[in-house]
Undergrad: 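Handing you a structure now.
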There are 4 protein chains.
Amino acid sequence: MRTKDEVKHDAIIQATIKLVNKIGFVSSSVSKIAKEAGVSPATLYIYYKNKEDLLTSTYVSIKQLMGKVLLKELDDSQPIRDSLKKIWLNLFDFTRENPEYFQFTEQFANSPYSDLVKRTEVEKYFEPLSRIVIRGIEQKIIKDISFDVLRAFYFHPAMVLSNARLCQEFKSTPENVEAAFNLAWDAIRL
Amino acid sequence: MRTKDEVKHDAIIQATIKLVNKIGFVSSSVSKIAKEAGVSPATLYIYYKNKEDLLTSTYVSIKQLMGKVLLKELDDSQPIRDSLKKIWLNLFDFTRENPEYFQFTEQFANSPYSDLVKRTEVEKYFEPLSRIVIRGIEQKIIKDISFDVLRAFYFHPAMVLSNARLCQEFKSTPENVEAAFNLAWDAIRL
Amino acid sequence: MRTKDEVKHDAIIQATIKLVNKIGFVSSSVSKIAKEAGVSPATLYIYYKNKEDLLTSTYVSIKQLMGKVLLKELDDSQPIRDSLKKIWLNLFDFTRENPEYFQFTEQFANSPYSDLVKRTEVEKYFEPLSRIVIRGIEQKIIKDISFDVLRAFYFHPAMVLSNARLCQEFKSTPENVEAAFNLAWDAIRL
Amino acid sequence: MRTKDEVKHDAIIQATIKLVNKIGFVSSSVSKIAKEAGVSPATLYIYYKNKEDLLTSTYVSIKQLMGKVLLKELDDSQPIRDSLKKIWLNLFDFTRENPEYFQFTEQFANSPYSDLVKRTEVEKYFEPLSRIVIRGIEQKIIKDISFDVLRAFYFHPAMVLSNARLCQEFKSTPENVEAAFNLAWDAIRL
DNA sequence: GATGAATGAGCCTTCATTCAT
DNA sequence: GATGAATGAAGGCTCATTCAT
């Protein structure tokens, strides 16, 4: 018997990301994705249960990768501010080097498809971040306020500034990112 | 000539908002909107050039209303911090009282349709806000940093916290809003 | 506004019958039917909810017509045998003059689609026949046995003999039909 | 060479019958049948040329079995009526003990697939029955009328009464079957 | 012999839009 | 102005069959 062709599988994933970025979620039909990937529409259903599965799986796997990249090289012994700054820098590195991955997740997160992914399914990949924040609160370094609020001032601004569509002026040079991080830190620190 | 029926026109707008909120952008077809509004699909094309026109027009007019509400009762003589706080409070008032309007704009802003609306077309309704910020920078009250960054820490967090889908824990009580605003202010102030 | 085009509706019905007879239920796709009728596939959905509705409605309306034709010119005062014979003759007249209608109902009745039609929905058009049979039983002219059995010997043989596919030898001349009816009568009479 | 696996072959046949009975001819796809049988779709094509071959072969082999069962224990010396009655009883025994086989053949016989099976291919298994009938005619016991007509009154009613879908009231108890057979006999005897 | 991967063609249905009244 | 009818194109998905191992 023939074995699953990982090259083909990867072509499907890349085609999905590329097409969604180019023409949006709504217009990205299964047959267009298949054509872009150079396979038959039917082939797609060997790797995924249906269109929803294709899109959510792609999203989750990118988020998993993001989690790994953002939280790498973290050292529990270093100051909390340094950890949080490192994560920011990692994020901007990631979005600079994988703009198409990042753009896909942003589009996905704001599409109705995102309701189909359990929040915990994604949040688990960022769990170490929560632990840092909690530690910061315990050590009276970070404001004792709900996680939703802290996220709105620590994580979301970074996402927004990374998003070329939303912020066309902001260029993510090390200086700019550092300057912007200062605002995040001023917001959340005690 | 007969005059267009404003009752009918309004029914179309309300149906659009209601349906998009209920079943999402992708599933909201013209005929479903027409049925929800109690008119013929063809009637819709009397009021709008096409589906794109319907959606973008609806979006822009809500944004115009939002601008009016957010920037009301502002007094150039009052402290900048007070003005910015007032705008926050106005935003949470608006989203509390018009959740369906707000939800629609959030969905729209993250759909591919949003690319069809010129940024300036919407930004002009929030122009007074820029002036306040500029004044704050000139008076050395607000950090001298690009507007994209300031918006990422002043405006976006408020939008995120208003969005029930994104922030399920955060309840917009006056105390919570005030507490969250403090983070915004800490972020942008000098 | 445009009014429903009955010519077009009839074209759809005739195309359905013709195609199902020619290539069978399984192969008769909506688009083939539409093409045969000279309309767009979408047009078909103006007249029918879906494919199932198209097929069942067509079946039921033919059965209604059959009921009318088979039971016409019946006279309660005439002998029961004459009434039952008249119905047989009417049936063979009908199948001779409307072979495509008859063939369609036979195919339908033995397809899984037939489960979608309530038995009573069709049986009501043949109700006078039951009444004759019941009268015959009461008058001790017809055997007192369950209706299923009587139908199996009175009605089904006529259907089978009418069916060109099942009975290729039998020709429905008046003499042949009369001769065959004698068997039916011998079967059910007391 | 390797020998075909009869266990596997039988699994395919049983899966075909089971699935066609459960979901109908139209919905019974090759891959569903393969899955039900626990084999690969490709395996199926080792045993059968194509789907048509699978279905027709299954049909013919059941019919062959039916012929054997119906015509067993027949004695040319016994009265013709007894022989014909015995066949009836055998048929009801068969359908009672093998309802799924019977149901399959009934579905098949009324599907377009049945046209693909030559009539003689099946009829040969019931040839002894014809001989009995011919003998009956020669002995002036059975009406001298075409075989199509005799079959319509002798064989078809039994099939109809056996078919649970068509006759929901009739229960095939020995008494009921005997009573019904009397109608068949009355119909065809001289 | 046996298999899961792979496919182009086709399935039913809905789409955004225009037509004819 | 307003409408329901009408449509070609496209939607997601499954089909019977063959390929490659």
Undergrad: Calculate the interatomic distance between D:Asp53 atom CG and F:dA16 atom P; express it in whole Å.
TA: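 Taking CG of D:Asp53 and P of F:dA16, I get 15 Å after rounding.
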Undergrad: Once side chain to side chain donor-acceptor pair (under 3.5 Å) is applied, do any residues pair with C:Ser57, and if so which ones, sequence neighbours excluded?
TA: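 So C:Ser57 forms a side chain to side chain donor-acceptor pair (under 3.5 Å) with C:Asp53.
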Undergrad: Could you write out DNA chain F as a dot-bracket string, with dots for unpaired bases, | for bases paired across to another strand, and Watson-Crick or G-U pairs counted at under 3.5 Å?
TA: .||||||||||||||||||||
Undergrad: Measure from CG on A:Asn50 to C1' on F:dT14 and round the result to the nearest Å.
TA: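 The answer, rounded to whole Å, is 13 Å.
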Undergrad: Rounded to the nearest Å, what distance is computed from the CG atom of residue C:Asp5 to the C1' atom of nucleotide F:dA6?
TA: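 After rounding, the gap between these two atoms is 10 Å.
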Undergrad: Send over the distance from C:Leu44 CG to E:dT13 P, rounded to a whole Å.
TA: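 Interatomic distance, CG of C:Leu44 to P of E:dT13: 10 Å.
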Undergrad: Of the listed nucleotides (E:dA6, E:dT17, E:dA2), which one gets closest to any side-chain atom of D:Tyr47?
TA: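 For D:Tyr47, the side-chain atoms sit closest to E:dA2.
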Undergrad: Quick test of your reading: applying salt bridge (charged side-chain N to carboxylate O under 4.0 Å, His left out), list the pairs with at least one residue in residues 18-46 of chain D, sequence neighbours left out, ordered by first then second residue.
TA: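 Only D:Lys18-D:Glu36 qualify under salt bridge (charged side-chain N to carboxylate O under 4.0 Å, His left out).
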Undergrad: Respond yes when some side-chain nitrogen or oxygen of C:Thr3 is under 4.0 Å from OP1 or OP2 of F:dA5, and no when none is.
TA: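 Indeed not, no polar side-chain atom of C:Thr3 lies that close.
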Undergrad: Check whether any side-chain nitrogen or oxygen of A:Lys8 sits under 4.0 Å from OP1 or OP2 of E:dG4, and answer yes or no.
TA: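 No, outside the criterion.
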Undergrad: Would you please name every residue forming a side-chain contact (heavy atoms from CB on, under 4.5 Å) with D:Glu121, sequence neighbours left out?
TA: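 Per chain and number, D:Glu121 pairs via side-chain contact (heavy atoms from CB on, under 4.5 Å) with D:Val60, D:Val117, D:Lys118, D:Lys124, D:Tyr125.
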Undergrad: Write down the distance between NE2 (B:His9) and C1' (F:dA2), rounded to a whole number of angstrom.
TA: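 About 15 Å, once rounded to whole Å.
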Undergrad: Could you list the residues that satisfy side chain to side chain donor-acceptor pair (under 3.5 Å) with C:Tyr48, not counting sequence neighbours?
TA: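 C:His9.
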Undergrad: Taking ring-ring contact (aromatic ring centres under 6.0 Å, His included) as the definition, give me every residue that meets it alongside B:Tyr113, ordered by chain and number, with sequence neighbours left out.
TA: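 ring-ring contact (aromatic ring centres under 6.0 Å, His included) check on B:Tyr113 returns B:Phe25.
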Undergrad: Starting at atom CG of B:Leu55, determine the distance to atom C1' of E:dA16, rounded to an integer number of angstrom.
TA: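 Spelled out: CG on B:Leu55 to C1' on E:dA16 is 12 Å.
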Undergrad: Report the distance from atom NZ of C:Lys4 to atom C1' of F:dA5, rounded to the nearest whole Å.
TA: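 Rounding to the nearest Å, NZ of C:Lys4 and C1' of F:dA5 are 9 Å apart.
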Undergrad: Are C:Phe102 and C:Asn163 side-chain neighbours, meaning at least one heavy-atom pair lies under 4.5 Å?
TA: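 They are in side-chain contact.
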Undergrad: Given E:dT13, F:dT18, F:dA6, identify the nucleotide with an atom nearest to the side chain of D:Tyr45.
TA: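 Minimum distance to the D:Tyr45 side chain belongs to F:dT18.
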Undergrad: Where the side chain of C:Arg2 is concerned, which of F:dC19, E:dA2, F:dG4 is the nearest nucleotide?
TA: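 Within the option list, the nearest is F:dG4.
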Undergrad: Quick one: C:Lys51 NZ to E:dT14 P, roughly how many Å, whole number?
TA: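 It works out to 15 Å between those atoms.
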Undergrad: Near DNA chain F, which residues from residues 14-42 of chain C have a heavy atom under 4.0 Å away?
TA: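 Heavy-atom contacts with DNA chain F come from C:Val39, C:Ser40, C:Ala42.
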Undergrad: By side chain to side chain donor-acceptor pair (under 3.5 Å), which residues pair with A:Arg2, not counting sequence neighbours?
TA: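 Side chain to side chain donor-acceptor pair (under 3.5 Å) list for A:Arg2, sorted by chain: empty.
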Undergrad: Side chains of C:Asp115 and D:Arg165: closer than 4.5 Å at any heavy-atom pair?
TA: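 They are in contact (side-chain heavy atoms under 4.5 Å apart), so the answer is yes.
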Undergrad: Kindly write out the residues that satisfy side chain to side chain donor-acceptor pair (under 3.5 Å) with A:Tyr101, not counting sequence neighbours, or none if the list is empty.
TA: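 Residues passing side chain to side chain donor-acceptor pair (under 3.5 Å) with A:Tyr101: A:Gln14.
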